[in-house]
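We count ligands from 1, going down the list as the structure has it; atoms in each ligand are counted the same way. Please read all numbers here as calculations on a predicted model, not as lab measurements.
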Amino acid sequence: MKVSLPKGTKDILSEEMRKYRYIENVFSEVCQNYGYGEINTPVFEYTELFQRGVGETTDVVQKEMYTFNDKGNRSLTLRPEGTAGVVRSYILNGMNSLPQPIKLFYMGKMYRYENVQKGRYREFTQIGVEAIGSLIPEIDVETISLLNTFFNKLNINDLQIRINSIGCKECRPKYNEILKDYYRNYLDDLCDDCKIRFEKNPLRLIDCKQHQCMAISKNAPYLLDNLCDECTDDFNKVKEGLDNLGIRYIVDKTIVRGLDYYTKTVFEFISENVGTQATICGGGRYDQLVEMLGGKPTPGIGFAMGVERLMMEIEARGVMLIEPKFPVLSMVTLGEAAYKFSSRIIDELRKEDIFVDIDVMGRGLKAQMKYADKMKSKYVIVLGDEEIKTNKCRIKIMESGQEKEISVDSIVNRIKENKI
Ligand code: HAM
């Protein structure tokens, strides 16, 4: 059998994995400082959750879901995104009876059957937040500010923040009619999907990536110009709040987002480095989602970021996230007794959280030395029966090549206290 990797997936190897962990740690720290607790929901959910939550007419639901029947003939879907699962959990765990808002962050794998290209995978990692329960625009500002703080911590200070408002259940239906009036003149020129969108979900027309439809949507009326008073007020407050915190943004009337649950504020963080997939992060309000999924009417807002895209951004900028880790000490041993003795030293140092190394390949003296050099160990100690007997050994400082004689029983303390 010849093994291969499923299309759109990738292995994340050790070096990259350390960067992922670093990103996750920074994200977790920032989220906790903004009052968020972590949540971990299942990787698969009942298909209906996404059909209803994300929306029947979205590309995600229509074309991209990994859906299968389990042995009990239940239709399950690998989660294409995190919000629907978090909201499901909010409802089922009765979180509405706790003090609001409920602020949750998550990290995990998501699955979409997409056309694979740079920055677009079929299995990818998202980190995201959801703040459920607050209706006021101050939470929108806080959510965008959290993201901004996170990027600043990674030394990424120049992403474009684009914001828009896509209205509420008051102004959206009126706008849909205005939009349909506009598109009606071009019905024959629309792609097949858009012909369906025209009937079922006109806002999606704006989001179509087919050339002929993009040309038509260019001159379509914007929702931002047709908001009701409440949505206009709220959007103004979001802008004022961002100004107040000195966060720069662009109002982009074309943002409608690809999922159906959004209302009012939507936003994206855009980079020029990720190629065609410039959106590193996207989010917005979803004031009807809790109710749509069977909960009490409760507003919410959140965002999610593709970690793979973030990594590409970091690579493109050449920002070094973390220093590589090298052993402080490699013990080179001669014979079984010396190995046993040294392994106790190594064990003690590892319990003190010090990165130390000892050969586990049965290499000879020369090969052990060579390996220690390759591993970029700071110090190397060679230990044989003689050294143990006389309680004297030599420690080599690899950078300078200098050697020093020390007593064997001082090794642990010297390494611990970094006194060579
Ligand atoms: P989304 O815009 O579909 O929103 O995805 C958010 C981010 O996930 C994107 O900006 C991108 O970085 C990453 N992403 C999406 N698809 C892929 C893919 N195929 N390969 C690699 N990265 C990808 C959501 O998922 C919403 N749940 C965000 C949200 C949370 N809104 C409110 N709360």
Side-chain angles (χ1 to χ4, degrees), residues 7-10 12 20 23 27 31 36 39 41 45 49-50 53-55 58-61 63-66 78-90 101-132 139-140 143-144 146-147 150-151 156 159-164 166 204 207 255-271 273-290 299-314:
K7 194 173 171 191
T9 67
K10 65 180 198 140
I12 309 168
Y20 269 62
I23 288 171
F27 187 66
C31 286
Y36 284 76
I39 186 167
T41 61
E45 300 267 1
L49 178 75
F50 302 115
V54 172
T58 58
D59 278 356
V60 169
V61 169
K63 303 175 187 165
E64 297 169 1
M65 295 210 299
Y66 280 91
L78 297 185
R79 61 180 179 196
E81 59 98 56
T83 311
V86 171
V87 168
R88 191 234 354 103
S89 176
Y90 174 91
I102 300 292
K103 292 169 153 188
L104 300 164
F105 73 96
Y106 53 89
M107 318 178 192
K109 297 277 195 183
M110 307 290 157
Y111 300 85
R112 294 184 193 178
Y113 190 82
E114 297 226 50
N115 288 327
V116 178
Q117 49 181 278
K118 196 177 165 198
R120 189 182 283 185
Y121 307 99
R122 291 184 176 170
E123 183 190 65
F124 58 99
T125 316
Q126 273 189 352
I127 52 183
V129 309
E130 312 298 344
I132 306 174
I139 189 92
D140 306 25
T143 308
I144 295 172
L146 184 160
L147 254 178
F150 169 71
F151 283 119
I156 300 175
L159 292 180
Q160 254 184 34
I161 304 176
R162 297 195 188 170
I163 63 169
N164 190 21
I166 55 171
R204 289 262 77 80
D207 208 23
I255 297 178
V256 290
R257 311 277 304 128
L259 315 171
D260 271 356
Y261 47 63
Y262 289 110
T263 53
K264 293 192 175 174
T265 313
V266 287
F267 54 90
E268 293 181 344
F269 278 54
I270 311 276
S271 156
N273 287 322
V274 191
T276 48
Q277 299 306 318
T279 312
I280 294 192
C281 171
R285 266 199 176 275
Y286 44 86
D287 290 348
Q288 267 110 58
L289 183 58
V290 178
I301 180 165
F303 66 77
M305 178 174 352
V307 181
E308 289 76 10
R309 288 190 196 173
L310 176 60
M311 294 285 277
M312 287 165 72
E313 178 67 25
I314 288 165

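For Tyr66, the side chain to side chain contact (heavy atoms under 4.5 Å, CB included) partners at least two apart in sequence or on another chain are Leu78, Tyr111, Tyr113, Arg122.
For a heavy-atom separation below 4.0 Å, the residues in contact with ligand 1 are Glu81, Thr83, Tyr106, Arg112, Glu114, Gly119, Arg120, Tyr121, Phe124, Gln126, Glu130, Arg257, Leu259, Tyr261, Tyr262, Thr279, Ile280, Cys281, Gly282, Gly283, Gly284, Tyr286, Gly302, Phe303, Ala304, Gly306, Arg309.
Atom OG1 of Thr9 is separated from atom CD of Glu123 by 6.5 Å, given to the nearest 0.5 angstrom.
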* To do: Run the numbers on Thr265 and Asp140 for side chain to side chain donor-acceptor pair (under 3.5 Å), then give the verdict.
  => CA-CA 7 Å; Thr265 313; Asp140 306 25; 2.6 Å; yes
* Decide yes or no on side chain to side chain donor-acceptor pair (under 3.5 Å) for Thr263 and Gln288, but give the supporting numbers first. => CA-CA 8 Å; Thr263 53; Gln288 267 110 58; 5.5 Å; no
* To do: Walk me through it: do Lys63 and Glu114 pass the test salt bridge (Lys or Arg N to Asp or Glu O under 4.0 Å)?
  => CA-CA 8 Å; Lys63 303 175 187 165; Glu114 297 226 50; over 6 Å; no
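Annotation: Tyr262 is not in aromatic contact with Tyr286 [ring centroid separation under 6.0 Å not met].
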